There are 2 protein chains.
Amino acid sequence: MEAALRLLDQVGLPDLTMRRLALELDVQPSALYWHYANKQTLLAEVSNAIVAFTRPAGAADNWQQKVLREALNLRDALLAFRDGAEVVSSTLALGLGASDAVSRIEKSIALTDSKLVKAAAESIVFLVLGSVWHEQQRMQANSLGVADNLLDEINAPARNLEVGLELIIAGLNEAKVKA
Amino acid sequence: MEAALRLLDQVGLPDLTMRRLALELDVQPSALYWHYANKQTLLAEVSNAIVAFTRPAGAADNWQQKVLREALNLRDALLAFRDGAEVVSSTLALGLGASDAVSRIEKSIALTDSKLVKAAAESIVFLVLGSVWHEQQRMQANSLGVADNLLDEINAPARNLEVGLELIIAGLNEAKVKA
DNA sequence: ACCTGAACACCGTTCAAGT
DNA sequence: ACCTGAACACCGTTCAAGT
(Lines give C-alpha, C1' and ligand atoms only; values in the text may rest on other atoms or scores of the structure.)
Protein backbone atom coordinates (compact mmCIF):
# COMPACT_ATOMS: atom_id res chain seq x y z
CA MET A 1 0.00 0.00 0.00
CA GLU A 2 2.82 2.42 0.82
CA ALA A 3 4.45 1.61 -2.49
CA ALA A 4 1.11 2.18 -4.23
CA LEU A 5 0.70 5.60 -2.62
CA ARG A 6 4.23 6.58 -3.63
CA LEU A 7 3.69 5.34 -7.17
CA LEU A 8 0.37 7.19 -7.41
CA ASP A 9 2.08 10.42 -6.48
CA GLN A 10 4.85 9.83 -9.00
CA VAL A 11 2.98 8.66 -12.08
CA GLY A 12 -0.69 9.43 -11.50
CA LEU A 13 -3.76 7.21 -11.36
CA PRO A 14 -3.85 6.14 -15.03
CA ASP A 15 -0.32 4.73 -14.77
CA LEU A 16 -0.78 3.15 -11.36
CA THR A 17 -1.17 -0.41 -12.64
CA MET A 18 -0.79 -3.66 -10.77
CA ARG A 19 2.00 -4.65 -13.14
CA ARG A 20 3.93 -1.45 -12.62
CA LEU A 21 3.49 -1.69 -8.86
CA ALA A 22 4.83 -5.25 -8.97
CA LEU A 23 7.84 -4.02 -10.89
CA GLU A 24 8.47 -1.40 -8.22
CA LEU A 25 8.37 -4.10 -5.54
CA ASP A 26 10.56 -6.53 -7.51
CA VAL A 27 7.84 -9.10 -7.54
CA GLN A 28 5.54 -10.83 -10.04
CA PRO A 29 2.14 -9.15 -10.57
CA SER A 30 0.36 -12.24 -9.32
CA ALA A 31 2.09 -11.90 -5.95
CA LEU A 32 0.01 -8.79 -5.22
CA TYR A 33 -3.11 -10.92 -5.20
CA TRP A 34 -2.00 -12.74 -2.12
CA HIS A 35 -2.12 -9.42 -0.23
CA TYR A 36 -5.16 -7.80 -1.86
CA ALA A 37 -8.24 -9.40 -3.37
CA ASN A 38 -8.17 -6.97 -6.29
CA LYS A 39 -7.09 -3.52 -7.39
CA GLN A 40 -10.15 -1.78 -5.97
CA THR A 41 -9.38 -3.11 -2.49
CA LEU A 42 -5.85 -1.79 -2.77
CA LEU A 43 -7.07 1.60 -3.97
CA ALA A 44 -9.50 1.72 -1.07
CA GLU A 45 -6.59 1.48 1.35
CA VAL A 46 -4.65 4.10 -0.58
CA SER A 47 -7.70 6.32 -0.35
CA ASN A 48 -7.97 5.82 3.40
CA ALA A 49 -4.31 6.73 3.76
CA ILE A 50 -4.86 9.97 1.85
CA VAL A 51 -7.83 10.91 4.00
CA ALA A 52 -5.89 10.01 7.15
CA PHE A 53 -3.31 12.56 6.04
CA THR A 54 -5.81 15.29 6.96
CA ARG A 55 -4.21 17.45 9.61
CA PRO A 56 -6.33 17.98 12.73
CA ALA A 57 -8.17 21.29 13.04
CA GLY A 58 -7.14 22.79 16.35
CA ALA A 59 -9.32 24.90 18.58
CA ALA A 60 -11.63 27.43 16.96
CA ASP A 61 -13.77 30.33 18.15
CA ASN A 62 -16.95 28.55 17.08
CA TRP A 63 -18.06 25.39 15.33
CA GLN A 64 -18.75 27.27 12.10
CA GLN A 65 -15.07 28.14 11.87
CA LYS A 66 -14.07 24.61 12.81
CA VAL A 67 -16.21 23.09 10.05
CA LEU A 68 -14.61 25.40 7.52
CA ARG A 69 -11.11 24.54 8.69
CA GLU A 70 -11.82 20.82 8.72
CA ALA A 71 -13.06 21.02 5.13
CA LEU A 72 -10.04 23.02 4.01
CA ASN A 73 -7.72 20.55 5.74
CA LEU A 74 -9.37 17.74 3.81
CA ARG A 75 -8.72 19.79 0.69
CA ASP A 76 -5.03 20.04 1.59
CA ALA A 77 -4.76 16.30 2.19
CA LEU A 78 -6.27 15.57 -1.24
CA LEU A 79 -3.98 18.09 -2.88
CA ALA A 80 -0.94 16.50 -1.24
CA PHE A 81 -1.10 13.48 -3.57
CA ARG A 82 -1.38 13.42 -7.34
CA ASP A 83 -4.94 12.50 -8.37
CA GLY A 84 -5.85 12.28 -4.69
CA ALA A 85 -9.37 13.61 -5.17
CA GLU A 86 -10.18 11.19 -7.99
CA VAL A 87 -9.00 8.19 -5.99
CA VAL A 88 -10.99 9.19 -2.92
CA SER A 89 -14.09 10.06 -4.99
CA SER A 90 -14.17 6.62 -6.56
CA THR A 91 -13.60 4.83 -3.29
CA LEU A 92 -16.33 6.82 -1.57
CA ALA A 93 -18.77 6.25 -4.44
CA LEU A 94 -18.10 2.51 -4.36
CA GLY A 95 -18.68 2.54 -0.60
CA LEU A 96 -15.28 0.95 0.01
CA GLY A 97 -13.85 3.57 2.32
CA ALA A 98 -13.01 7.23 2.76
CA SER A 99 -15.90 7.43 5.20
CA ASP A 100 -13.59 8.97 7.79
CA ALA A 101 -13.69 12.14 5.71
CA VAL A 102 -17.44 12.43 6.25
CA SER A 103 -17.39 11.52 9.92
CA ARG A 104 -14.70 14.08 10.73
CA ILE A 105 -16.83 16.86 9.25
CA GLU A 106 -19.89 15.41 10.93
CA LYS A 107 -18.31 15.66 14.36
CA SER A 108 -17.38 19.28 13.85
CA ILE A 109 -20.98 20.39 13.22
CA ALA A 110 -22.35 21.19 16.65
CA LEU A 111 -26.07 20.80 15.95
CA THR A 112 -28.52 18.30 17.40
CA ASP A 113 -30.49 17.24 14.33
CA SER A 114 -28.40 14.21 13.41
CA LYS A 115 -30.00 13.72 9.99
CA LEU A 116 -29.29 17.31 9.11
CA VAL A 117 -25.73 17.02 10.33
CA LYS A 118 -25.13 13.88 8.29
CA ALA A 119 -26.57 15.34 5.11
CA ALA A 120 -24.55 18.52 5.55
CA ALA A 121 -21.31 16.64 6.18
CA GLU A 122 -21.84 14.48 3.11
CA SER A 123 -22.57 17.57 1.05
CA ILE A 124 -19.41 19.27 2.23
CA VAL A 125 -17.30 16.23 1.33
CA PHE A 126 -18.84 16.00 -2.16
CA LEU A 127 -18.09 19.68 -2.61
CA VAL A 128 -14.46 19.38 -1.58
CA LEU A 129 -13.93 16.27 -3.71
CA GLY A 130 -15.51 17.81 -6.79
CA SER A 131 -13.57 21.02 -6.43
CA VAL A 132 -10.18 19.41 -5.87
CA TRP A 133 -10.69 16.80 -8.58
CA HIS A 134 -11.43 19.59 -11.03
CA GLU A 135 -8.41 21.53 -9.78
CA GLN A 136 -6.00 18.61 -9.99
CA GLN A 137 -6.99 17.83 -13.55
CA ARG A 138 -6.49 21.45 -14.47
CA MET A 139 -3.06 21.51 -12.82
CA GLN A 140 -2.00 18.50 -14.83
CA ALA A 141 -3.35 19.91 -18.08
CA ASN A 142 -1.49 23.16 -17.49
CA SER A 143 1.76 21.37 -16.64
CA LEU A 144 1.48 19.52 -19.94
CA GLY A 145 1.89 22.78 -21.78
CA VAL A 146 -1.72 23.61 -22.43
CA ALA A 147 -1.67 27.40 -22.53
CA ASP A 148 -2.73 28.47 -19.07
CA ASN A 149 -5.60 30.86 -19.06
CA LEU A 150 -6.05 34.22 -17.42
CA LEU A 151 -3.94 34.55 -14.30
CA ASP A 152 -7.17 35.51 -12.62
CA GLU A 153 -8.39 31.94 -12.86
CA ILE A 154 -5.47 30.27 -11.14
CA ASN A 155 -6.81 30.62 -7.64
CA ALA A 156 -10.44 30.45 -8.70
CA PRO A 157 -11.07 26.85 -7.60
CA ALA A 158 -9.90 27.57 -4.05
CA ARG A 159 -12.03 30.69 -3.76
CA ASN A 160 -15.06 29.02 -5.32
CA LEU A 161 -14.78 26.18 -2.83
CA GLU A 162 -14.61 28.55 0.11
CA VAL A 163 -17.70 30.36 -1.12
CA GLY A 164 -19.57 27.07 -1.47
CA LEU A 165 -18.55 25.97 2.00
CA GLU A 166 -19.59 29.28 3.49
CA LEU A 167 -22.99 29.02 1.84
CA ILE A 168 -23.58 25.62 3.44
CA ILE A 169 -22.37 26.85 6.81
CA ALA A 170 -24.60 29.91 6.55
CA GLY A 171 -27.50 27.58 5.78
CA LEU A 172 -26.69 25.48 8.82
CA ASN A 173 -26.53 28.60 10.91
CA GLU A 174 -30.01 29.57 9.89
CA ALA A 175 -31.27 26.06 10.64
CA LYS A 176 -29.85 26.53 14.12
CA VAL A 177 -31.70 29.80 14.55
CA LYS A 178 -34.96 28.19 13.51
CA ALA A 179 -34.55 25.29 15.94
CA MET B 1 -22.41 8.57 -29.98
CA GLU B 2 -26.03 7.36 -29.87
CA ALA B 3 -24.81 3.79 -29.93
CA ALA B 4 -22.38 4.58 -27.13
CA LEU B 5 -25.13 6.07 -24.98
CA ARG B 6 -27.31 3.00 -25.56
CA LEU B 7 -24.45 0.67 -24.78
CA LEU B 8 -23.59 2.60 -21.62
CA ASP B 9 -27.14 2.21 -20.38
CA GLN B 10 -27.14 -1.51 -21.17
CA VAL B 11 -23.76 -2.64 -19.86
CA GLY B 12 -22.40 0.16 -17.69
CA LEU B 13 -19.24 2.25 -17.94
CA PRO B 14 -16.68 -0.50 -17.20
CA ASP B 15 -17.99 -2.57 -20.13
CA LEU B 16 -18.37 0.35 -22.52
CA THR B 17 -15.22 -0.39 -24.51
CA MET B 18 -14.29 0.81 -27.96
CA ARG B 19 -14.11 -2.79 -29.11
CA ARG B 20 -17.55 -3.65 -27.83
CA LEU B 21 -18.99 -0.48 -29.34
CA ALA B 22 -17.42 -1.40 -32.69
CA LEU B 23 -19.05 -4.82 -32.44
CA GLU B 24 -22.41 -3.19 -31.85
CA LEU B 25 -21.94 -1.07 -34.97
CA ASP B 26 -20.68 -3.97 -37.10
CA VAL B 27 -17.41 -2.23 -37.70
CA GLN B 28 -13.73 -2.69 -36.85
CA PRO B 29 -12.55 -0.88 -33.66
CA SER B 30 -10.15 1.23 -35.67
CA ALA B 31 -13.05 2.69 -37.66
CA LEU B 32 -14.20 4.58 -34.56
CA TYR B 33 -11.00 6.62 -34.65
CA TRP B 34 -12.00 8.28 -37.87
CA HIS B 35 -15.01 9.79 -36.03
CA TYR B 36 -13.45 10.48 -32.63
CA ALA B 37 -9.87 11.31 -31.72
CA ASN B 38 -10.03 9.03 -28.68
CA LYS B 39 -12.35 7.47 -26.12
CA GLN B 40 -12.40 10.54 -23.88
CA THR B 41 -13.71 12.71 -26.70
CA LEU B 42 -16.47 10.21 -27.33
CA LEU B 43 -17.34 10.06 -23.62
CA ALA B 44 -17.45 13.85 -23.53
CA GLU B 45 -20.19 13.82 -26.17
CA VAL B 46 -22.04 11.09 -24.33
CA SER B 47 -21.80 13.23 -21.22
CA ASN B 48 -23.19 16.27 -23.01
CA ALA B 49 -26.09 14.18 -24.27
CA ILE B 50 -26.90 13.06 -20.74
CA VAL B 51 -26.84 16.62 -19.43
CA ALA B 52 -28.96 17.78 -22.38
CA PHE B 53 -31.55 15.25 -21.25
CA THR B 54 -32.30 17.57 -18.30
CA ARG B 55 -35.96 18.55 -18.53
CA PRO B 56 -36.60 22.31 -18.37
CA ALA B 57 -37.80 23.70 -15.05
CA GLY B 58 -41.04 25.56 -15.79
CA ALA B 59 -42.21 28.67 -14.02
CA ALA B 60 -41.71 28.90 -10.26
CA ASP B 61 -42.92 31.15 -7.47
CA ASN B 62 -39.40 32.41 -6.81
CA TRP B 63 -35.83 31.80 -7.95
CA GLN B 64 -35.03 29.77 -4.86
CA GLN B 65 -37.62 27.24 -5.90
CA LYS B 66 -36.40 27.31 -9.48
CA VAL B 67 -32.80 26.58 -8.45
CA LEU B 68 -33.98 23.60 -6.43
CA ARG B 69 -36.04 22.26 -9.33
CA GLU B 70 -33.23 22.75 -11.83
CA ALA B 71 -30.86 20.80 -9.58
CA LEU B 72 -33.36 17.98 -9.09
CA ASN B 73 -33.97 17.83 -12.84
CA LEU B 74 -30.25 17.43 -13.37
CA ARG B 75 -30.40 14.62 -10.85
CA ASP B 76 -33.16 12.93 -12.85
CA ALA B 77 -31.21 13.23 -16.09
CA LEU B 78 -28.16 11.59 -14.49
CA LEU B 79 -30.31 8.84 -13.03
CA ALA B 80 -31.87 8.15 -16.41
CA PHE B 81 -28.68 6.48 -17.68
CA ARG B 82 -26.61 3.79 -16.04
CA ASP B 83 -23.43 5.28 -14.53
CA GLY B 84 -24.59 8.69 -15.78
CA ALA B 85 -23.14 10.59 -12.83
CA GLU B 86 -19.72 8.97 -13.13
CA VAL B 87 -19.47 9.75 -16.84
CA VAL B 88 -20.46 13.38 -16.33
CA SER B 89 -18.20 13.79 -13.28
CA SER B 90 -15.16 12.65 -15.23
CA THR B 91 -15.96 14.81 -18.23
CA LEU B 92 -16.49 17.87 -16.06
CA ALA B 93 -13.28 17.24 -14.13
CA LEU B 94 -11.32 16.90 -17.34
CA GLY B 95 -12.87 20.14 -18.58
CA LEU B 96 -14.12 18.41 -21.73
CA GLY B 97 -17.79 19.26 -21.38
CA ALA B 98 -20.86 19.05 -19.18
CA SER B 99 -20.50 22.76 -18.59
CA ASP B 100 -24.12 23.26 -19.62
CA ALA B 101 -25.07 21.71 -16.30
CA VAL B 102 -23.33 24.53 -14.44
CA SER B 103 -24.61 27.32 -16.66
CA ARG B 104 -28.22 26.18 -16.37
CA ILE B 105 -28.03 26.41 -12.59
CA GLU B 106 -26.14 29.67 -12.86
CA LYS B 107 -28.94 31.28 -14.86
CA SER B 108 -31.56 30.27 -12.34
CA ILE B 109 -29.86 32.09 -9.46
CA ALA B 110 -31.28 35.61 -9.57
CA LEU B 111 -28.52 37.47 -7.75
CA THR B 112 -26.21 40.16 -9.06
CA ASP B 113 -22.85 39.11 -7.63
CA SER B 114 -21.66 37.06 -10.61
CA LYS B 115 -18.71 35.48 -8.79
CA LEU B 116 -20.99 34.34 -6.01
CA VAL B 117 -23.48 32.97 -8.52
CA LYS B 118 -20.80 31.06 -10.37
CA ALA B 119 -19.32 29.54 -7.22
CA ALA B 120 -22.77 28.56 -5.98
CA ALA B 121 -23.76 26.96 -9.27
CA GLU B 122 -20.54 24.97 -9.40
CA SER B 123 -21.06 23.83 -5.83
CA ILE B 124 -24.58 22.69 -6.58
CA VAL B 125 -23.42 20.66 -9.57
CA PHE B 126 -20.64 18.99 -7.55
CA LEU B 127 -23.23 18.14 -4.93
CA VAL B 128 -25.67 16.59 -7.38
CA LEU B 129 -22.91 14.63 -9.14
CA GLY B 130 -21.47 13.27 -5.92
CA SER B 131 -24.84 12.29 -4.58
CA VAL B 132 -26.06 10.53 -7.72
CA TRP B 133 -22.74 8.81 -8.33
CA HIS B 134 -22.90 7.39 -4.83
CA GLU B 135 -26.52 6.40 -5.36
CA GLN B 136 -25.94 4.69 -8.71
CA GLN B 137 -23.07 2.60 -7.34
CA ARG B 138 -25.28 1.56 -4.46
CA MET B 139 -28.12 0.62 -6.80
CA GLN B 140 -25.80 -1.58 -8.79
CA ALA B 141 -24.31 -3.22 -5.69
CA ASN B 142 -27.78 -4.01 -4.40
CA SER B 143 -28.94 -5.42 -7.71
CA LEU B 144 -25.93 -7.75 -7.63
CA GLY B 145 -27.36 -9.48 -4.60
CA VAL B 146 -25.50 -7.63 -1.88
CA ALA B 147 -27.92 -7.77 1.01
CA ASP B 148 -29.73 -4.45 0.91
CA ASN B 149 -29.61 -2.59 4.16
CA LEU B 150 -32.33 -1.06 6.29
CA LEU B 151 -35.29 -0.05 4.19
CA ASP B 152 -34.87 3.32 5.83
CA GLU B 153 -31.74 3.95 3.82
CA ILE B 154 -33.20 3.41 0.37
CA ASN B 155 -34.37 6.95 -0.12
CA ALA B 156 -31.63 8.45 1.99
CA PRO B 157 -29.48 9.75 -0.88
CA ALA B 158 -32.37 11.70 -2.37
CA ARG B 159 -33.28 13.29 0.97
CA ASN B 160 -29.66 14.05 1.82
CA LEU B 161 -29.24 15.79 -1.50
CA GLU B 162 -32.32 17.93 -0.99
CA VAL B 163 -31.07 18.95 2.43
CA GLY B 164 -27.70 19.91 0.99
CA LEU B 165 -29.30 21.92 -1.79
CA GLU B 166 -31.57 23.72 0.64
CA LEU B 167 -28.60 24.64 2.81
CA ILE B 168 -26.86 26.27 -0.14
CA ILE B 169 -30.04 28.05 -1.20
CA ALA B 170 -30.57 29.28 2.35
CA GLY B 171 -27.02 30.56 2.33
CA LEU B 172 -27.65 32.38 -0.95
CA ASN B 173 -30.77 33.86 0.50
CA GLU B 174 -28.87 35.33 3.39
CA ALA B 175 -26.26 36.74 1.01
CA LYS B 176 -29.13 38.46 -0.75
CA VAL B 177 -30.39 40.00 2.49
CA LYS B 178 -26.92 41.31 3.31
CA ALA B 179 -26.54 42.92 -0.12
C1' DA C 1 -14.84 10.02 -47.04
C1' DC C 2 -14.84 6.09 -44.50
C1' DC C 3 -13.33 1.53 -43.37
C1' DT C 4 -10.32 -2.98 -42.90
C1' DG C 5 -6.31 -5.70 -41.31
C1' DA C 6 -2.79 -6.20 -38.64
C1' DA C 7 -0.12 -5.01 -35.29
C1' DC C 8 1.85 -2.55 -30.80
C1' DA C 9 2.06 -2.11 -26.19
C1' DC C 10 -0.23 -2.89 -22.77
C1' DC C 11 -4.16 -4.36 -18.93
C1' DG C 12 -6.42 -7.22 -14.37
C1' DT C 13 -6.84 -11.68 -12.70
C1' DT C 14 -6.46 -16.87 -11.89
C1' DC C 15 -4.21 -20.85 -10.50
C1' DA C 16 -1.20 -24.72 -10.33
C1' DA C 17 3.16 -25.25 -8.66
C1' DG C 18 7.13 -24.11 -6.06
C1' DT C 19 9.80 -22.90 -1.36
C1' DA D 1 3.05 -18.01 4.43
C1' DC D 2 4.33 -16.03 0.37
C1' DC D 3 5.83 -16.11 -4.33
C1' DT D 4 6.70 -17.67 -9.48
C1' DG D 5 5.32 -19.02 -14.20
C1' DA D 6 2.29 -19.24 -17.43
C1' DA D 7 -1.71 -18.40 -19.20
C1' DC D 8 -6.66 -16.23 -20.15
C1' DA D 9 -9.34 -12.84 -21.81
C1' DC D 10 -9.20 -8.76 -22.69
C1' DC D 11 -7.84 -3.27 -23.44
C1' DG D 12 -6.94 1.69 -26.37
C1' DT D 13 -4.65 3.25 -30.28
C1' DT D 14 -1.94 3.63 -34.75
C1' DC D 15 -1.36 3.27 -39.48
C1' DA D 16 -0.73 1.49 -44.02
C1' DA D 17 -3.76 -0.01 -47.27
C1' DG D 18 -8.09 -0.57 -49.39
C1' DT D 19 -12.79 1.27 -51.77
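Every chain is numbered from 1 and lettered A, B, ... according to where its sequence line falls, protein lines coming before strand lines. Please read these numbers as outputs of a predicted model, since none were measured by experiment.
Of the possible polar contacts, none joining the B:Ser131 side chain to the B:Leu127 backbone as a donor-acceptor pair under 3.5 Å is found. A donor-acceptor distance shorter than 3.5 angstrom exists from the side chain of A:Asp113 to the backbone of A:Leu116, with no hydrogens or angles considered. Judged by distance alone, the side chain of A:Asp83 and the main-chain N or O of A:Glu86 form no donor-acceptor pair under 3.5 Å. In this structure, the side chain of B:Ser123 engages the main chain of B:Ala119 through a donor-acceptor pair within 3.5 Å.
Sequence order on DNA chain C of the closest nucleotides to A:Ala37 and A:Asp15 puts A:Asp15 first from the 5' end.
Between A:Glu70 and A:Lys107 there is no salt bridge, since none of the side-chain N atoms of the basic residue sits less than 4.0 Å from a carboxylate O of the acidic one.
For the pair A:Ser89/A:Phe126, no side-chain contact is recorded, criterion being any heavy-atom separation below 4.5 Å from C-beta on.
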Secondary structure of DNA chain D in dot-bracket form (Watson-Crick or G-U wobble, distances below 3.5 Å, | marking inter-strand pairs): ||.|||||...|||||.||
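A donor-acceptor contact under 3.5 angstrom links the side chains of B:Gln64 and B:Asn173, judged on distance only.
Taking CG from B:Leu94 and CD from A:Gln140, the interatomic distance works out to 9.0 Å, rounded to the nearest 0.5 Å. One distance of note links CG of A:Leu72 with CG of A:Leu165; it measures 6.0 Å at 0.5 Å rounding. Put simply, CD on A:Glu106 and CG on A:Asp100 are 11.0 Å apart, with the number rounded to the nearest 0.5 Å.
Interface limits on DNA chain D: the 5'-most and 3'-most nucleotides within less than 4.0 Å of chain B heavy atoms are D:dC11 to D:dC15.
The separation of D:dA9 from C:dA9, taken at their P atoms, amounts to 24 Å, rounded to a whole angstrom.
Shown for residues 23-32 of chain B: residues whose heavy atoms fall under 4.0 angstrom of DNA chain C, namely B:Val27, B:Gln28, B:Ser30, B:Ala31.
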